[in-house]
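First comes the structure, then the notes that go with it.
Numbering of residues begins at 1 and proceeds along the displayed sequence. Keep in mind it's a predicted model, so treat the numbers as computed, not measured.
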Amino acid sequence: MTEPTTTPGRTDALRAGRGTPDPGTPDPGTSAARTPNGGTRGGGTPGGFAGAVACEWTKLWSVRAPYLCLLAGLAITGVFTFYYASIARINDHPVEPVGNAVASSAVLTQFAVVILATVAVTSEYATGSVRASLLWVPRRHRVQAAKALVVAVVSFAAGVVYAVVGTAVAWGAFDGRASFEAGTTLRQALSVGLYLALVAALAVGTAFATRHPAGALSILVTLLWGLPSVLLGVGGPDLAAVNDYLPHGAGDHFMRSGVEAPYAPVTATLIVVAWAGVAHLAGLYVLRGRDA
């Protein structure tokens, strides 16, 4: 008994009719075959988490909103640091590190990256393009992690630039009422970048949890500005102690220098990391549990 044979031409025709790709044919959307670790051979578009990051990077810079947000943050930094230093000079405040002006400006500049991160998520839900994102990267946790990483890296870089510009502006406006030490100034610049990166990650998680810009921004403005303003405005050591464990309260402790704090800068950093982690988990829970 002989095995049935199929001619090469008939095999190709059957594959074409079924829509079955020829063995070794690259996946659609890539320029080369995939490797076992999720990448591609031949220098094509990377797969896996690297591909998700590349996709989010491209999407972020394909619209004008990020540019406008970052420019607004730069303008706010310049105005706020000049005002802060001028008030310190006019009122004859004690000499303090020049970087404190930049650290104080984060109370406003943080909203530049908050809006950037929120729009990066909610705009996809508004246009329906999130469906395409989840088709390209079916593992939903990878989509959220890639977006959070891209926005956090951009926010960190922006924070360092803001710190450099703000330090230069404040140094002139202080007119001798501030001290400058290279090590302290560098640490504060990196701390501002780190704080903005963590706030951006917090905003990404919140945006995935709410899926709507108004809802996300309402929560974030309340958490980062409204609640601290009430706690510090009402006064009292107990309410001030509560503010120390909110994101901006903790962030202010590790950004500023020469100011008494209830815990070490490392502890302050971990508090902000914890807030960002909780928001990320909340966003991931909603992303996994609900359809786009």
Side-chain angles (χ1 to χ4, degrees), residues 73 76-77 79-81 83-88 90-115 117-118 155 159 162-163 166 170 178 184 187-188 191-207 209-210 213-283:
I76 292 171
T77 299
V79 172
F80 189 97
T81 52
Y83 172 80
Y84 180 97
S86 298
I87 292 298
I90 293 170
N91 293 328
D92 201 23
H93 288 177
V95 175
E96 60 180 308
V98 64
N100 282 357
V102 179
S104 298
S105 71
V107 70
L108 293 180
T109 55
Q110 64 183 338
F111 291 107
V113 300
V114 162
I115 295 173
T118 300
S155 299
Y162 293 167
T184 300
R187 182 191 66 77
Q188 288 189 278
S191 296
V192 171
L194 177 60
Y195 175 72
L196 293 187
L198 292 174
V199 166
L202 170 66
V204 168
T206 305
T210 60
L217 290 175
S218 296
I219 294 172
L220 292 167
V221 170
T222 300
L223 180 64
L224 297 173
W225 182 77
L227 190 55
S229 298
V230 171
L231 293 174
L232 296 177
V234 172
D238 293 335
L239 295 181
V242 173
N243 181 68
D244 289 334
Y245 292 91
L246 294 179
H248 183 258
D252 187 65
H253 287 315
F254 75 75
M255 287 187 291
R256 292 170 64 87
S257 180
V259 178
E260 185 177 351
Y263 38 65
V266 173
T267 303
T269 304
L270 292 176
I271 291 173
V272 186
V273 170
W275 277 100
V278 169
H280 185 84
L281 292 176

Side-chain donor-acceptor distances from residues 213-221 under 3.5 Å, at least two apart:
from : atom 1 : to   : atom 2 : distance (Å)
S218 : OG     : A214 : O      : 2.7

Worksheet entry | Shortest non-hydrogen contact from A201 toward A276 | CB-CB, 4.4 Å

Response to the item:
When every non-hydrogen atom of P97 is compared with those of Q188, the smallest separation belongs to CB-OE1, 3.8 Å

Worksheet item: Can you name the side-chain hydrogen bond (donor to acceptor under 3.5 Å, both in side chains) partners of H248, sequence neighbours left out?
Response: none

Discussion item. As an exercise, state the distance from CG of L232 to CG of L227, rounded to the nearest 0.5 Å.
Written reply: 9.5 Å

Worksheet, complete the sentence: Taken to the nearest 0.5 Å, the spacing of L231 CG from D238 CG works out to 11.0 Å

Worksheet item: Excluding sequence neighbours, so at least two apart, what forms salt bridge (Lys or Arg N to Asp or Glu O under 4.0 Å) with D92?
Response: R177

Worksheet, complete the sentence: In terms of heavy-atom contacts, A200 and A117 come closest through O-CB, 3.6 Å

Discussion item. Suppose we screen for side-chain contact (heavy atoms from CB on, under 4.5 Å). Which residues come up paired with V266, at least two apart in sequence or across chains?
Written reply: L270

Fill in: Listed partners of L223 passing side-chain contact (heavy atoms from CB on, under 4.5 Å), at least two apart
L202, L246, P247, W275

Discussion item. Rounded at 0.5 Å granularity, tell me how far CG in L194 sits from OG in S155.
Written reply: 11.5 Å

Item to complete: Only counting residues at least two apart or in another chain, list the ones meeting ring pair (Phe, Tyr, Trp, His ring centres under 6.0 Å) with Y83.
Response: none

Response to the item:
Smallest heavy-atom separation, A279 atom then T206 atom, equals CB-OG1, 3.9 Å

Practice prompt. List in chain and number order the residues that pass side-chain hydrogen bond (donor to acceptor under 3.5 Å, both in side chains) with T184, two or more places apart in sequence or in another chain; answer none if no residue qualifies.
Written response: E181

Worksheet entry | Residues in side-chain contact (heavy atoms from CB on, under 4.5 Å) contact with S105, at least two apart in sequence or another chain | T77, F80, T81, V102, T109

Item to complete: Could you name each residue pair satisfying salt bridge (charged side-chain N to carboxylate O under 4.0 Å, His left out) that touches residues 244-255, not counting sequence neighbours?
Response: D252-R256

Item to complete: Dump the intermediate steps for side chain to side chain contact (heavy atoms under 4.5 Å, CB included) on F111 and I76, then the final yes or no.
Response: CA-CA 10 Å; F111 291 107; I76 292 171; over 6 Å; no

Worksheet item: What are the two closest non-hydrogen atoms of M255 and A106, and how far apart are they?
Response: CE-CB, 3.7 Å

Response to the item:
In terms of heavy-atom contacts, V192 and G159 come closest through CG1-O, 3.7 Å

Fill in: Partner residues of Y195 under the side-chain hydrogen bond (donor to acceptor under 3.5 Å, both in side chains) criterion, sequence neighbours left out
Q110

Discussion item. Can you list everything that forms a side-chain contact (heavy atoms from CB on, under 4.5 Å) with T267? Sequence neighbours excluded, please.
Written reply: Y263, A264, I271

Practice prompt. Any pair with a residue in residues 260-281 that passes salt bridge (charged side-chain N to carboxylate O under 4.0 Å, His left out), sequence neighbours left out, goes on the list, sorted by first then second residue, please.
Written response: none

